[in-house]
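Below is one structure, written out as structure tokens; comments come after it.
As the structure lists them, so they are numbered: ligands from 1, and atoms in each ligand from 1. Residue numbers run from 1 in the order of the sequence given.
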Amino acid sequence: MLSGKTAIVTGGSAGIGKAIAAEFIDQGASVVIASRTKETGKKTANELGCSFVQCDVSSYEAVESLVEQTVDEHGGLDILVNNAGIGITGTVESTTLEDWHKLMEINLNGVVYGTRVAMPHLLESSGDVLNVASVFGLVGGPQAAAYATAKGAVVNFTRTTAVDYAEEGVRVNSICPGFVTTEMTKSGLEDESFYEFVLNQTPINRIAKPEEIAEPAAFLVSEKASYITGVNLPIDGGWTTH
Ligand code: NAP
């Protein structure tokens, strides 16, 4: 249970982040969701019963302001979920440099910024960082040069940051989902041959629902996981077993 905890979930307005925010709220946490689009953010916040702060995680100043506002309003911070992310497909050649930098700024730098800014508060609360990586942080995949590179970096950032802060009481873990039904994967999974490829890679033989990602996420930031740090947990229907 997460009663009395204050959590920030970046990218909490939709998809996996929204499911994580809903699960945390169910378990008693006060949640602040953060994303770029005001309308969607406010709508989701009203639906879930939480706060929304408009924030682009690729801006260090915006992330500072998000954490500051949360701490001012809630008196501290216990959990940071670095979930915000985008998907850009392509090989190392077909990905434009502009797209490469954009993806790194959001999917990698956003995780680093959030962790850096939140850390003083998490040290005070003996709190938790949970990064949302991907199976493509653990193995390679087709047409995912920028995405898999960023997620691979998030996986090792998780390990190395866990080492730095373990003794001081802050745990740092990540989850590595396989394919989940969200806006991000919608158009890709509409392509029949890609859908077949995904099912062939997934021994459980289906796409995950966001809620199936949210429950293990809540476990990892709970007291029940008090001896777990530096772990990158696949939640992938078996994708990375073979
Ligand atoms: P989604 O449905 O597209 O939702 C993405 C969320 O992130 C939205 O709230 C979006 O809102 C927000 N966001 C995007 N860029 C942002 C930025 N620069 N700053 C702040 N918020 C931003 O995506 P999803 O599938 O739930 O993915 C969530 C995370 O899970 C990502 O890190 C993704 O890489 C990872 N993941 C997804 C899958 C999957 O199969 N879906 C699998 C493995 C890992 P705005 O656009 O309004 O900012």
- Query: Any donor and acceptor pair, going by atom type alone, linking the side chain of Ser94 with main-chain N or O of Gly90 inside 3.5 Å?
  - Reply: no

- Message: If hydrophobic residues (ILVMFWY) are linked whenever their side-chain heavy atoms come closer than 4.5 Å, directly or via other members, who joins Tyr227 in its cluster?
- Response: none

- Around ligand 1, what residues show up once you keep those with a heavy atom under 4.0 Å from it? Gly11, Ser13, Ala14, Gly15, Ile16, Ser35, Arg36, Thr37, Cys55, Asp56, Val57, Asn83, Ala84, Gly85, Ile86, Ile106, Val132, Ala133, Ser134, Tyr147, Lys151, Pro177, Gly178, Phe179, Val180, Thr182, Glu183, Met184, Thr185

- Item | Co-members of Ile204 in a cluster of I, L, V, M, F, W and Y side chains, linked at under 4.5 Å | none

- Item | OH (Tyr60) with more than 12 external heavy atoms under 6.0 Å | yes

- Verify the ring-centre separation between Phe179 and Phe194: is it less than 6.0 angstrom? yes

- Members sharing Ile213's hydrophobic cluster (side chains within less than 4.5 Å): Leu2, Val9, Ile16, Ile20, Phe24, Ile25, Val31, Ile33, Leu48, Phe52, Ile79, Val81, Leu130, Val132, Ile175, Val180, Phe219, Leu220, Val221, Ile228, Val231, Leu233, Ile235

